[in-house]
Amino acid sequence: MSTAQADPVAKAMRSFIGDIGPTIALALESCMHCGQCAEACQYYVQTGDARYTPIHKIEPLKQVYHREVGPFAFAYKFFGMAPKLTTEKLTEWQDLIYDSCNMCGRCSLICPMGIDIADLVEQTRHGMYEAGLAPADFLGVLAEKEHASGSPFGLTSTQFQDLLHDIGRKYGVVMHVDERQADIVPTVSSIDVKTYPGSMAAIAKILNHIGAPWSFRTDGFDADNVSLTAGDRAGQNVITQSIVKAAIACGAKTLVMPECGHSFTEMRWEAANTYGKDLPFRVVQITELIAENISSGNIRVNQITQNATYHDACQLSRRGGATAAPRVILAALGVTLHEMEDAGDANWCCGGGGGTALIKRAQPLRDKAFAIKQKQVEATGADVIYTSCSGCRQTLDHGGKSAGWNKTVGSLLELVADNLIPRARSDLSEIKPQIIPMPGNAPMPVAE
Ligand code: SF4
Ligand code: SF4
């Protein structure tokens, strides 16, 4: 029996108490129980079950705060107002903290007290992970990655290098790998590696077209988020730091995050905290890089005739700030965009965010969550659904198949790569790659 199994409550308590700083304390003290967050959450809306009220999901963290940390801890204990944490209680809460929260942050957006409930769910997951109580599906994926490569990355540097060369050959695109100097460093998501390798070729094709020195780095490439969504903060930090170090090693000015939601917010908002100071490069999502190069005239694309809708990944738009960029791209392509109700920052999750797609037993709940998206997509009458997150793409692919859709789900990145207009020879001397160092990691301004 592992230590975590031997004393899960002590481990969860230690993690919760360690994580509760002034921000979390203020959030937990501020809730006025208005219930507005319930109406923002797809699990509550689709089931009407009060257990799925967002603020209720973090009850274990709240109880530890009131009993052990808060200003009235003595009274809470004395009058039994905050029950003691038990393994049974934590186990019972597993489906609320993992299965029924995709960390979409819709509740955080609507809360009148500004409480970031999605962030509190992440902290609660951290305690659960430390206690060894993350769902077995998450632990299985993490162990598989570790086992496959002897590292938390799932692929060794050599395997990644071979993969890039294979993709380069297959798609006929020049791959730059481990260049000593690179202004732009792209990363990849594990879903792309397994399911959508064409998106790695698309990134390379677009970066070759932009014309600035760029390079994949085999010592920091994996824009992974399973550790983050499982609650394994230390594991996530190892991955984040490897990317930061690799980008610094080649003097990168721009780190490009792939079509992946959670890895983007992690790198854009958290990496500097893990690194301990401001990052010496900016962090952009691939749609932001494309949009700024379209706006400057450095990327030109064919006009295509399509009726399409765009699914905003929660972590890219609401949580990440990359809401305008995909619309700049779709407009440049001449796509007729049929926006879904609540499109943009108020979008609904595809149903598979926050790692919930990994949890097998959560499929019925996931289907209920997906039903909102399905209804919204169908109401647009669009033939194609574009997205810029491989996780969302996978969920929409699966959900669409079960729903018997006659619609195509596509990657916006791949659409651009397929429609680049090659430069005339006379244009080549005019290349002005858009590499604009930005202070900190503020969201990129893009043309409206
Ligand atoms: S919306 Fe905010 S204040 Fe209202 S119940 Fe939810 S967390 Fe509490
Ligand atoms: S983050 Fe999203 S899924 Fe989780 S509780 Fe809030 S609204 Fe519900």
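We use all heavy atoms of the structure for the numbers below, so side chains are in, but hydrogens, waters and symmetry mates are not. Every number for a ligand or one of its atoms is a count from 1 in the order of the listing. Sequence positions, counted from 1, serve as the residue numbers for this chain.
A salt bridge links R393 with E414: at least one charged nitrogen is closer than 4.0 Å to a carboxylate oxygen. Looking at R319 and E122, no side-chain N of the basic residue comes within less than 4.0 Å of a carboxylate O on the acidic one, giving no salt bridge. Using a 4.0 Å cut-off between charged side-chain N and carboxylate O, D312 and R327 make a salt bridge. Salt bridge present: R361 and D99 bring a charged side-chain N and a carboxylate O closer than 4.0 Å. Residues E59 and R51 are not paired through a salt bridge, judged by the lack of any N-O separation under 4.0 Å between the basic side chain and the carboxylate.
In summary, the atoms of ligand 1 found under 4.0 Å from a heavy atom of M113, numbered by their order in the structure, are 3 (S). Taking a cut-off of under 4.0 Å to the non-hydrogen atoms of P112, the atoms of ligand 1 that pass are 1 (S).
Excluding waters, the set of protein N, O or S atoms lying under 2.8 Å from atom 8 (Fe) of ligand 2 comprises C41 SG.
Between F160 and F221, the ring-plane angle classifies as parallel under the 30° and 60° cut-offs. In this structure, Y76 and H66 have parallel ring planes: the angle between them is below the 30° cut-off, well short of the 60° mark.
Between F74 and F78, the ring centre distance stays below 6.0 Å.
Scanning all protein heavy atoms for the shortest distance to atom 5 (S) of ligand 1 gives G35 N, 3.3 Å. Of the protein's non-hydrogen atoms, C31 SG, 2.4 Å is the one closest to atom 8 (Fe) of ligand 1. Atom 2 (Fe) of ligand 1 has C111 SG, 2.4 Å as its closest protein atom, hydrogens excluded (heavy atom only). Nearest non-hydrogen protein atom to atom 4 (Fe) of ligand 1 is C34 SG, 2.3 Å. Looking at atom 3 (S) of ligand 1, its nearest protein heavy atom turns out to be M32 N, 3.5 Å.
With a 4.5 Å cut-off on side-chain heavy atoms, W214 and V256 do not count as touching.
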